[in-house]
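In what follows, a structure is listed as structure tokens, so that the remarks can point back to it.
Below, read A as the first sequence line, B as the second, and so on, with proteins coming before strands; counting in each chain starts at 1. Please read all numbers here as calculations on a predicted model, not as lab measurements. Computed over heavy atoms, backbone and side chain alike; hydrogens, waters and symmetry mates excluded.
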Amino acid sequence: MKPRGFDYVAPTTLEGALEALSNGGDDARLLAGGQTLVPIMNFRLATPDLLIDLNGVKEFSGIALQPDGSLLIGAMTRHRMVEQSELVREHMPLLHAAMPLIAHVQIRNRGTIGGSLAHCDPAAEWPALCLALDAEITAVSQAGNRVIPIADFAQGILTTALEPGEILTQVRFPKQKAGRRYAIKEMARRHGDFALAGVACTVDFNEDKSVMASRIVAFGVEDTAVLLNGVSAAIRGRVLTEALLREVGDYAASAVAPRDDFHASEIYRRELVDVMLRRALAQAVAAPDLRRAA
Amino acid sequence: MAVDISVTVNGKLCTGSVEPRQSLAGFLRDDLDLTGTHIGCEHGVCGSCTVLLDGASIRACLMFAVQANGAEITTVEGLGAPGAMSPLQQAFHRHHALQCGFCTPGMLTTAQAFLDENPAPTADEVREAISGNICRCTGYVPIVAAILDAAGVIAGKPETPPHHHSNAGHQP
């Protein structure tokens with residue numbers, strides 16, 4: 001279907017974008033990659049009066065390694081740019097591993113990290129990746145900047161801590177501990193579909209292969225991506241044997257409160273959490289680590 | 001509220017005056033008469049509207065024409081012409097990689113951008129590359145074969161013959 005008519009502005013600076021947003025009224029919407037907003041507008045589920053196109057604001061795009069080892073990714077950076085970035089592959093390989101899971105290449109050529117986070121779909125990879133890596137999100141308004149820790153960012157289904165008049169400008173991924181392992185596993189009906197359920201995790205192991213610490217995130221399961229703190233507690237200090245994986249898989253399946261919808265039933269999502277968790281943890285044991293030796 | 005735009009399409013500078021809500025796909029088809037780009041779903045999942053924006057494959061149904069101002073667009077019409085088909089188009093022809101043809105422009109632009117970046121792909125990589133393009137007719141096998149064949153031909157190798165059903169019962 002065709003969208004309803006709207007006014008359109010394309011600022012070239014952050015100031016211009018904030019000005020347009022401030023003047024735009026309640027029915028103005030920011031346009032990032034458009035891979036979510038435009039379908040919604042084509043279905044007429046959203047009918048903004050004004051679109052503020054951020055694609056011309058160059059300062060929002062880019063990937064930079066900071067002196068403290070953290071990685072900054074500008075909000076308008078395309079998924080494809082993250083996918084092909086050597087910096088990301090080297091310093092934040094969980095992101096490199098996850099990018100091919102996002103939709104298809106044509107979507108990734110336009111879709112952006114900022115757009116994905118601002119939309120905050122329960123099944124999207126970016127909110128889960130940010131949670132797994134304990135990222136921070138910068139939001140800017142005419143009143144100033146603020147940094148939102150990821151724990152405070154997602155507030156409910158398709159709801160974030162972003163206030164009217166705020167623009168998400170960048171995401172900071174803190175330097176990850178040396179030797180940290182990572183994994184991401186998701187189940188979708190077809191390659192590129194939204195995840196019915198997925199698990200993204202980082203795990204630190206002791207010398208004796210027991211778990212020192214972990215961040216384990218389930219996505220596509222509840223209204224937002226969620227940290228499986230109970231699983232992290234259960235595996236701390238223990239070696240990830242098959243038996244332990246089955247134990248925590250069962251535990252996680254019962255601990256989550258899954259959505260029951262058109263795409264998957266509650267029962268099936270519980271089963272998927274169990275399986276994806278076991279696969280992700282097995283992968284974290286088997287290999288990839290977050291920081292290669294220099 | 002019409003906006004003047006100028007877009008380079010298949011190497012030619014084209015101008016237009018469009019409503020902001022006009023999609024790039026609609027602009028190409030209705031304003032420029034380039035009807036090779038197809039509209040299937042209007043929400044980004046079918047792939048039949050895929051074109052190249054500054055060389056990268058994108059959904060023309062999810063971009064507004066006003067956003068393409070100043071950009072370079074390649075549509076299927078820009079890949080080759082009747083009587084002068086590109087190696088990829090020739091391979092599609094050779095391998096019967098189309099039946100109704102609705103997905104074909106999107107498959108071609110997607111595959112062309114893919115081969116430009118990955119000139120020596122494996123079959124699995126080709127399948128991954130076209131996973132965002134739905135075909136209802138061919139079952140994808142001849143499309144994958146055509147893309148692999150084209151990659152070989154572009155690299156100077158001989159054409160591979162198209163897949164045939166078993167010739168059992170047919171005397172040569």
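- Contact annotation for Leu51(A): only side-chain heavy atoms (C-beta onward) come within less than 4.5 Å of a heavy atom of chain B.
- A donor atom on one side chain and an acceptor atom on the other are found under 3.5 Å apart for Arg59(B) and Thr50(B).
- The pair Arg78(A)-Glu83(A) does not count as a salt bridge, with every side-chain nitrogen at least 4.0 angstrom from each carboxylate oxygen.
- At a 4.5 Å heavy-atom cutoff, the contact between Arg4(A) and chain B is made by backbone atoms alone.
- In this model, no donor atom of one side chain and acceptor atom of the other lie less than 3.5 Å apart for Thr15(B) and Asp4(B).
- Residue Ile40(A) does not touch chain B at all, counting heavy-atom pairs closer than 4.5 Å.
- The contact between Asp7(A) and chain B is made by backbone and side chain atoms together, counting heavy-atom distances below 4.5 Å.
- Defined by atom type and a distance below 3.5 Å, a donor-acceptor pair is present between the side-chain atoms of Ser131(B) and His104(A).
- With a 4.5 angstrom heavy-atom cutoff, Phe114(B) does not touch chain A via any of its atoms.
- Contact annotation for Gln67(B): both backbone and side-chain heavy atoms come within less than 4.5 Å of a heavy atom of chain A.
- With chain B as the partner, the residue from Arg190(A), Lys2(A), Met41(A) showing the most heavy-atom pairs under 4.5 Å is Lys2(A).
- Here Leu31(A) is the residue among Thr36(A), Leu31(A), Asn55(A) with the most heavy-atom pairs under 4.5 Å with chain B.
- Taking the charged nitrogens against the carboxylate oxygens, Arg259(A) and Glu222(A) have no contact shorter than 4.0 Å, which rules out a salt bridge.
- Note: His263(A) and Phe194(A) fail the aromatic proximity criterion, with ring centroids not under 6.0 Å apart.
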